[in-house]
A.B. asks: 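One structure follows; several queries about it will come next.
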Amino acid sequence: MTAQILDGKATAAAIKSELATRVAALKAKGVQPGLGTLLVGDDPGSRWYVNGKHRDCAQVGIASIQRELPETATQEEIEAVVRELNEDPACTGYIVQLPLPKGIDANRVLELMDPAKDADGLHPMSLGRLVLGIEGPLPCTPYGIVQLLRRHEVEIKGAHVVVVGRGITIGRPMPLVLTRKSENATVTQCHTGTRDLSSHLKQADIIVAAAGVPHIIKPEDVKPGAAVLDVGVSRDEAGKIVGDVHPGVAEVAGWVAPNPGGVGPMTRAQLLVNVVEAAERAAG
Ligand SMILES: Nc1nc2c(c(=O)[nH]1)N[C@@H](CN(C=O)c1ccc(C(=O)N[C@@H](CCC(=O)O)C(=O)O)cc1)CN2
């Protein structure tokens, strides 16, 4: 192993400690930030993520509002809870845990959220703001990745970043974040329609692997010294995470974000940042 570690656990812990101070300052002004979550169904992974989000809230002093519906919930039942969270004054920001069960129109649910309470940065209004360069909540995993790189002093400005995947939470918004003036990266987005993935990867200074295909990033495709962030989550028969990045990549890359322990904790930390920033904006 030659690569240095992009340590998401330690970086997220540092961010949470900074946030605890900001939450204390808000409380001193009489403002109590509260994160709401809506979990639909029984997926153990989603439940683990949601529980983790509430554990994080408790650590930094953010209040928790937990809403759950069964796997069989209808579109109307889900939308009714979204309307309740929109109206609940204790809930200053919230998320709908994705994915939603089959047959549910997730876009309709996201559109119904009050954009002022969008803690995930995934509301169409928030994504539109990102495109237009207007301040607002940023999608948690993409901005968590930017913070992870910055805090390890990996140069983003001018870097050629290859993003593999185009899902709603990571792949689609990642280039929007990286090509802002403040990041100034050059981005190539690869996906299932890409003809020669290997040729693109070989040119990357930074690779963000969010395809959900085990070990799709192989050592021979990585430029020596590149930073490689593994965001893919597949599971083996024992339920253990298998990432998108082959373990041999650590012999070639300059930096690797392990999986687990890399981008995941940063996703959770960025969610708290969004909740605190929204409360700070509301408090003027
Ligand atoms: N509404 C949203 N839904 C989903 C998002 C999101 O940002 N908003 N992202 C993912 C899941 N996710 C957060 O919700 C998430 C994924 C991973 C982690 C994490 O800390 N992972 C650990 C490993 C956990 C394990 O062993 O399974 C790690 O990487 O160290 C946190 C949050 C999809 N849905």
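In listed order, ligands and their atoms are each counted from 1.
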A.B. asks: I'd like the contact residues of ligand 1, where contact means a heavy atom below 4.0 Å.
C.D. replies: W48, Y49, K53, V96, Q97, L98, D120, T169, R235, I241, P260, G261, G264, P265, T267, R268

A.B. asks: Kindly work out whether a path of hydrophobic side-chain contacts (I/L/V/M/F/W/Y, heavy atoms less than 4.5 Å apart) joins V222 to V163.
C.D. replies: no

A.B. asks: Quick check against the 3.5 Å criterion: does K27 have a side-chain atom that pairs as donor or acceptor with the backbone of G61?
C.D. replies: yes

A.B. asks: When you check the gap from the basic side-chain N to the acidic O, do R47 and E68 get nearer than 4.0 Å?
C.D. replies: yes

A.B. asks: Charged N to carboxylate O below 4.0 Å: is that the case for R180 and E183?
C.D. replies: yes

A.B. asks: Please report, to 0.1 Å, the donor-acceptor pairs under 3.5 Å made by any side chain of residues 3-13, with sequence neighbours excluded.
C.D. replies:
residue : atom : partner : partner atom : Å
D7      : OD1  : K9      : N            : 3.1
D7      : OD1  : A10     : N            : 3.1
T11     : OG1  : D7      : O            : 2.6

A.B. asks: Using modelled atom types and a 3.5 Å cut-off, is there a donor and acceptor pairing between side-chain atoms of T267 and backbone atoms of C140?
C.D. replies: no

